[in-house]
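Read through the structure below, which is laid out as structure tokens, and then see the notes.
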Amino acid sequence: MATINKKEHVVILGAGPAGLATGHELSVSGVKVSVIDRNDFVGGLCNTNVYKGYKFDLGGHRWFTKNEDLNNWFRRLMGSEVVWVERISRIYYDGGYYSYPISILNVIKNTGIPTIIHAGVTYLISALQYSVFNKPIMNMKDAYVAQFGGKLYDMFFRRYSEKVWGLPCEKLSSDWVSQRSAGLSIWTVIQESLLKTKSDNESLIEEFMYPRDGYVRIPERMAEDIVAQNGNEAVKLDSTVTKIKYNGPNDFEVIYADKDGGETSIAATTVVSTIPLGVLPRIMEPACDQAVIDAAKGLSFRALITVNVILKKERVSIDTWLYIQDEDILFGRLHEPKNWSPAMVPDQSTTSLVLECFCTKDDHIWSMTDEEVGQRCVEDLEKKLKFIDSSEVIDFTCVRTLQAYPVYDLEYADKIATINEFLSGFEGLHIVGRGGTHRYNNADHSIEMGLLLGRKILGYEVDHMDVNTESEYHEIKTSRDLKRDYYVIEEECN
Ligand SMILES: Cc1cc2nc3c(=O)[nH]c(=O)nc-3n(C[C@H](O)[C@H](O)[C@H](O)COP(=O)(O)OP(=O)(O)OC[C@H]3O[C@@H](n4cnc5c(N)ncnc54)[C@H](O)[C@@H]3O)c2cc1C
């Protein structure tokens, strides 16, 4: 076992956006960092797969944050690589197309006045129950019904949520709704679509930034800067962290295995973990007790198979995303990379699609072969959505991701508390990121957390765990948005 000893050395587990952002922030301040990842690429879930010259994100990833300081950081990082994308998202529901976020006028057009009256009545009932009689919100279903009423919940939230999570909404925590759509209600929807009275400083997100050659360019740019500062060895790929030994405050040994199983140990003064929170306590030494192991085993993920299709056709859709509610269609969401950036396809007379099939390891979807999943998706595109003719398919390929979506079941918060209590005993160990904190982060959240953690390690009075905890609807920008103004000093220096 090779041993590399270094003083003042921050070892970061995971080269996804959170780990790289922490490493980036520390590197620019001259701190020595090593970033270790089990994959042979950087980016984690933000990877862009390249197949026959076509570039496929792991599901369409847009760059969006309400934090203008973070946007400025992003623009500095990405320079001339940024393109602007018009956002057109729709929901496919029972054979019809609905705009997303929901518009009341569009619902009336598609379903008629009786459905709207039905939606209005169920909304009034739920307003009485939850606002007047203070019925407690116990789960995801309650949270949606309290916000939108039973009818709209049933039309636009139940089926899609259950497709993503593979569980009835009654078995999922309401936290997901409060993190993703607090502040959005039937009134906001009416205001947006009918009254148009939103104030000038509130706006629905209608366009977003995107890296011209695929989302992976964001983590790649961070990794390039880390390597420029710390040398090639600073980012170690194909390396799975298997053990973290704690010898005392700020004194760790991190052990990782290469592809052939050969082990290396490096000394660290600080360890930053973005590997799943359900895994970390189980590789710590001294070991945790059975209650922590049980909590860790109980934190689960939903998996994802993305089917990347190449087509002999100029364009398939107008959408940036299309959400598919219907259960008889295997995939739950699709996007056409060319609609985000023409550079995603090598030949403009052709196009491509990414189809997201949500599943759980070993369930009936995961157990299908790649060929079966791909063929079934092509069939759904042709026969159910009528988007393509199967003769237009040049090729397809599948990508399987096990830890795609951290599941918020009804007990997840207790399990996290048990694990965090155990981890708080290791001085110099920090957790960050989506799987790392078991928090449903977008990439911007993970990057913001990482940058703030970097600042915290540098001695600033900031708390990265505050990110993505505010109950704000992510789709509307308002003048009330938090400005975590931590990049001002850097801004002034530039
Ligand atoms: C289908 C889909 C669509 C999405 N769309 C968007 C979007 O439009 N906009 C947006 O902002 N976000 C989007 N996201 C979310 C975004 O991908 C994540 O928030 C982001 O990648 C999280 O970054 P992270 O660094 O926290 O975690 P990850 O990206 O999961 O990185 C963790 C890293 O840790 C590594 N690792 C794990 N275990 C070990 C180990 N034992 N040893 C070494 N390395 C290890 C992994 O290989 C991985 O590289 C989407 C996610 C999915 C799945």
Side-chain angles (χ1 to χ4, degrees), residues 15-16 37-62 78 81-83 85 210-221 223-224 237-238 259 303-322 324 329-359 365-366 368-383 385-402 404 443:
D37 202 290
R38 64 183 172 192
N39 290 331
D40 61 1
F41 55 85
V42 298
L45 295 173
C46 292
N47 190 28
T48 304
N49 285 281
V50 183
Y51 181 66
K52 296 191 172 172
Y54 291 79
K55 298 171 192 147
F56 301 94
D57 286 352
L58 198 81
H61 274 65
R62 68 170 175 175
M78 299 308 296
E81 293 190 42
V82 174
V83 294
V85 181
Y210 183 71
R212 189 181 48 239
D213 288 300
Y215 207 81
V216 76
R217 283 299 300 146
I218 302 173
E220 280 179 355
R221 275 290 305 114
E224 284 162 15
L237 300 179
D238 274 327
K259 270 190 303 198
L304 178 72
I305 303 177
T306 35
V307 180
N308 302 328
V309 189
I310 302 174
L311 291 155
K312 214 184 308 152
K313 185 176 183 126
E314 223 171 88
R315 176 155 273 119
V316 170
S317 70
I318 53 162
D319 306 291
T320 28
W321 283 288
L322 180 65
I324 314 286
I329 295 179
L330 195 68
F331 49 91
R333 195 165 72 158
L334 76 78
H335 86 279
E336 189 167 357
K338 196 179 171 180
N339 290 351
W340 297 50
S341 163
M344 300 299 279
V345 301
D347 170 358
Q348 297 302 318
S349 69
T350 63
T351 191
S352 60
L353 292 175
V354 178
L355 316 170
E356 298 170 38
C357 304
F358 313 117
C359 50
I365 298 177
W366 187 266
M368 291 163 80
T369 63
D370 286 358
E371 184 62 24
E372 285 166 348
V373 179
Q375 286 298 354
R376 167 67 199 275
C377 286
V378 166
E379 223 176 279
D380 289 349
L381 278 173
E382 181 180 32
K383 299 201 175 121
L385 287 172
K386 309 210 180 328
F387 270 2
I388 61 160
D389 188 293
S390 59
S391 64
E392 291 164 338
V393 175
I394 297 172
D395 202 354
F396 63 76
T397 173
C398 294
V399 177
R400 289 173 186 255
T401 308
L402 274 174

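Numbers here are sequence positions counted from 1.
Proximity of I388 to L311: side-chain heavy atoms (C-beta onward) are separated by under 4.5 Å at one or more points. Side-chain atoms of V393 and I310, non-hydrogen and from C-beta on, never get closer than 4.5 Å to each other. A 4.5 Å side-chain heavy-atom check between V42 and D37 finds every atom pair outside the cut-off. Considering only heavy atoms from C-beta on, F358 comes within 4.5 Å of L304 through its side chain. F41 is listed as a side-chain neighbour of N39, based on a closest heavy-atom distance under 4.5 Å. Side-chain contact between K52 and I394 is absent, with no heavy-atom pair separated by less than 4.5 Å. Looking only at side-chain heavy atoms (C-beta outward), F387 and E392 stay at 4.5 Å or farther from each other.
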Legend entry - Chi angles and distances behind the salt bridge (charged side-chain N to carboxylate O under 4.0 Å, His left out) call for E379, R376: CA-CA 5 Å; E379 223 176 279; R376 167 67 199 275; 5.6 Å; no

Inset, instruction - With salt bridge (charged side-chain N to carboxylate O under 4.0 Å, His left out) as the test, would you mind laying out the steps for E336 and K313 before giving the verdict? - result: CA-CA 12 Å; E336 189 167 357; K313 185 176 183 126; over 6 Å; no

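Taking both residues in full, the closest heavy atoms of C377 and V307 are given as SG-CG2, 3.9 Å, listed atom of the first, atom of the second, then distance. Between P346 and G53, the shortest heavy-atom contact is CD-O, 3.4 Å. A404 and A303 make their closest contact through CB-C, 4.2 Å (heavy atoms, listed as atom of the first residue, atom of the second, distance). In terms of heavy atoms, F331 sits closest to I324 at O-CB, 3.6 Å. Between S341 and R212 the shortest heavy-atom distance is OG-O, 2.6 Å. Pairing each heavy atom of K386 with each of K383, the nearest pair is NZ-O, 2.9 Å.
Note that R62 lies outside the cation-pi zone of W340, set by a 6.0 Å cut-off to the ring centre and a 45° limit from the axis.
Residues meeting the salt bridge (charged side-chain N to carboxylate O under 4.0 Å, His left out) test with D347, sequence neighbours left out: none.
In the model, T306 has no side-chain atom that pairs as donor or acceptor with a side-chain atom of E356 under 3.5 Å. Side chains of Q375 and E371: a donor-acceptor N/O pair is present below 3.5 angstrom, by distance only. Between the side chains of D395 and Y51, at least one donor N or O lies within less than 3.5 Å of an accepting N or O.
Counting only distance, with no hydrogens or angles, the side chain of K55 and the backbone of A343 share a donor-acceptor pair below 3.5 Å. With hydrogens and angles disregarded, a donor-acceptor distance shorter than 3.5 Å links the side chain of D57 to the backbone of Y215. Looking only at distances, a side-chain donor or acceptor of K338 sits under 3.5 Å from a matching main-chain atom of Q348. The backbone N or O of R333 lies less than 3.5 Å from no partner atom in the side chain of H335, so there is not a single donor-acceptor pair.
Between Y210 and the options I218, V85, T320, a side-chain contact (heavy atoms from CB on, under 4.5 Å) holds for only V85. A side-chain contact (heavy atoms from CB on, under 4.5 Å) with L355 is found for one member of L334, V378, D380 and no other, namely L334. When the options V354, D213, T48 are evaluated for a side-chain contact (heavy atoms from CB on, under 4.5 Å) with M344, the one that passes is T48. The only option from V373, T401, V399 that meets the side-chain contact (heavy atoms from CB on, under 4.5 Å) definition with I305 turns out to be V373. Residue Y54 forms a side chain to side chain donor-acceptor pair (under 3.5 Å) with just one option from T397, T350, T351, and that option is T350.
For the atom pair C357 SG and M368 CE, the distance stands at 8.0 Å (nearest 0.5 Å). Annotation: the span from N339 atom CG to S317 atom OG amounts to 5.0 Å, rounded to 0.5 Å.
The pair K259-D40 does not count as a salt bridge, with every side-chain nitrogen at least 4.0 angstrom from each carboxylate oxygen.
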